[in-house]
Asker: 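Below is the structure I would like to discuss, written out as structure tokens.
Chain letters run A, B, ... following the sequence lines, proteins first and then strands; every chain starts at 1.
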Amino acid sequence: MISAERLRQIAFWARELNDTEIEHARRGMVEKEFAKGEYLCHRGDRFDHWVGVVHGVVKVGTMSSTGKSTTFAGCRNGSWLGEGSVVKDEPRRYDLVALRDSRVALMNRAAFFWLFDNSAAFNRFLIHQFNERISQFIGLVEYDRMLDIPSRVARNIAWLFNPVLYPQDKATHLDITQEELGLLAGLSRQHTNEALKLLESKGLLRVERGGVTVLDLPALAGYGE
DNA sequence: GCATTAACAGCCG
DNA sequence: CGGCTGTTAATGC
């Protein structure tokens with residue numbers, strides 16, 4: 001269980017909730033650490049929690065039988081995910097893996113449904129979130145066949161700074177290594193490295209040690225189109 | 001061939 | 001000193 005104070009710190013959507021709603025939310029939540037490379041859950045698992053990333057980076061994706069991985073989304077601090085599996089009460093359709101040491105908040109199913117049934121503010125947040133996910137996944141359809149390497153890197157970075165998914169966060173810097181970015185984009189570290197330098201030369205971002213700073217988000221989001 | 005993996009030296013925190 | 005980066009060499013599809 002976490003405090004109301006803590007909930008407001010780690011969950012921007014909680015700021016719209018009234019005291020009763022906050023109470024239900026915080027009582028149904030715990031925080032947990034995951035080490036780099038550790039799985040929060042595997043595809044097929046029963047994992048009845050809604051997940052919020054407090055810090056770190058979590059990859060949502062699957063691993064095919066041949067060992068090839070597909071990323072559906074990269075989630076950094078401020079991300080909330082997994083509501084689909086909680087709502088539908090079905091096994092996870094994807095893996096959740098920590099790309100670096102990460103701290104996550106877990107809300108149990110009962111608390112999630114209480115909010116779902118009782119809080120207009122919570123539902124408003126969920127609708128916004130679903131809506132944004134849909135447009136992100138539409139973009140994902142063209143990803144494999146249409147986008148060259150720099151475009152993939154640009155798009156993945158833009159997703160990590162999506163202003164709808166991270167409305168409270170005006171930051172332009174993110175701690176993420178080139179290797180982690182490569183894992184997200186489905187690219188080798190070398191290609192990621194080259195692509196980052198290309199994007200930097202065009203003034204769209206700044207490459208730093210263990211991180212990037214976004215200089216032109218719209219250009220990154222639309223890169224390669 | 002091309003791309004991914006491995007390997008390694010430099011470097012920054 | 002450990003982890004990240006940039007490059008090159010080896011390996012695999």
Asker: Name all residues meeting the salt bridge (charged side-chain N to carboxylate O under 4.0 Å, His left out) criterion together with A:Arg152; count only those two or more places apart in sequence or in a different chain, and write none if there are none.
Answerer: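 A:Asp144.
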Asker: Residues from residues 176-191 of chain A sitting under 4.0 Å of DNA chain C, heavy atoms only?
Answerer: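 Correct list: A:Thr177, A:Gln178, A:Arg189, A:Gln190.
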Asker: Any donor-acceptor pair under 3.5 Å linking the side-chain atoms of A:Thr213 with those of A:Glu208?
Answerer: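 On atom types as modelled, these side chains qualify, holding a pair under 3.5 Å.
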Asker: Tell me, please, whether A:Tyr166 has A:Arg76 positioned over its six-membered ring: NZ or CZ under 6.0 Å from the ring centre and within 45 degrees of its axis?
Answerer: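 Relative to the ring axis of A:Tyr166, which defines the angle, A:Arg76 lies inside both limits.
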Asker: How long is the line joining CD of A:Glu194 and P of B:dC2, in whole Å?
Answerer: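 Those two atoms, CD and P, are 13 Å apart.
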Asker: Using a distance-only test with no angle check, is there a side-chain donor-acceptor pair under 3.5 angstrom linking A:Arg133 and A:Gln136?
Answerer: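 No, no side-chain donor-acceptor pair sits under 3.5 Å.
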Asker: Please list, by residue number, the residues of residues 198-209 of chain A whose heavy atoms come closer than 4.0 Å to an atom of DNA chain C; answer none if no residue qualifies.
Answerer: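 Close to the strand are A:Glu208, A:Arg209.
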Asker: Can you measure A:Asp101 atom CG to C:dG2 atom P for me and round it to whole angstrom units?
Answerer: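 Between P of C:dG2 and CG of A:Asp101: 16 Å.
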Asker: Which sits closer to the 5' end of DNA chain C, A:Lys197 or A:Arg100, going by the nucleotide each is nearest to?
Answerer: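 Upstream on the strand: A:Arg100.
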Asker: Between the side chains of A:Asn118 and A:Glu21, does any donor sit under 3.5 Å from an acceptor?
Answerer: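 A:Glu21 and A:Asn118 do not have a side-chain donor-acceptor pair below 3.5 Å.
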Asker: Return the orientation label for the A:Trp50 and A:Phe112 ring planes: parallel under 30°, perpendicular over 60°, tilted otherwise.
Answerer: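 Ring orientation of A:Trp50 relative to A:Phe112: perpendicular.
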Asker: Within the distance-only criterion (no hydrogens, no angle test), does the side chain of A:His173 pair as donor or acceptor with the backbone N or O of A:Val212 below 3.5 angstrom?
Answerer: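 Indeed, once roles are kept as given, a pair shorter than 3.5 Å links the two residues.
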Asker: Can you tell me how far CH2 of A:Trp80 sits from CG of A:Leu165, rounded to the nearest 0.5 angstrom?
Answerer: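 Result: 13.5 Å between the selected atoms.
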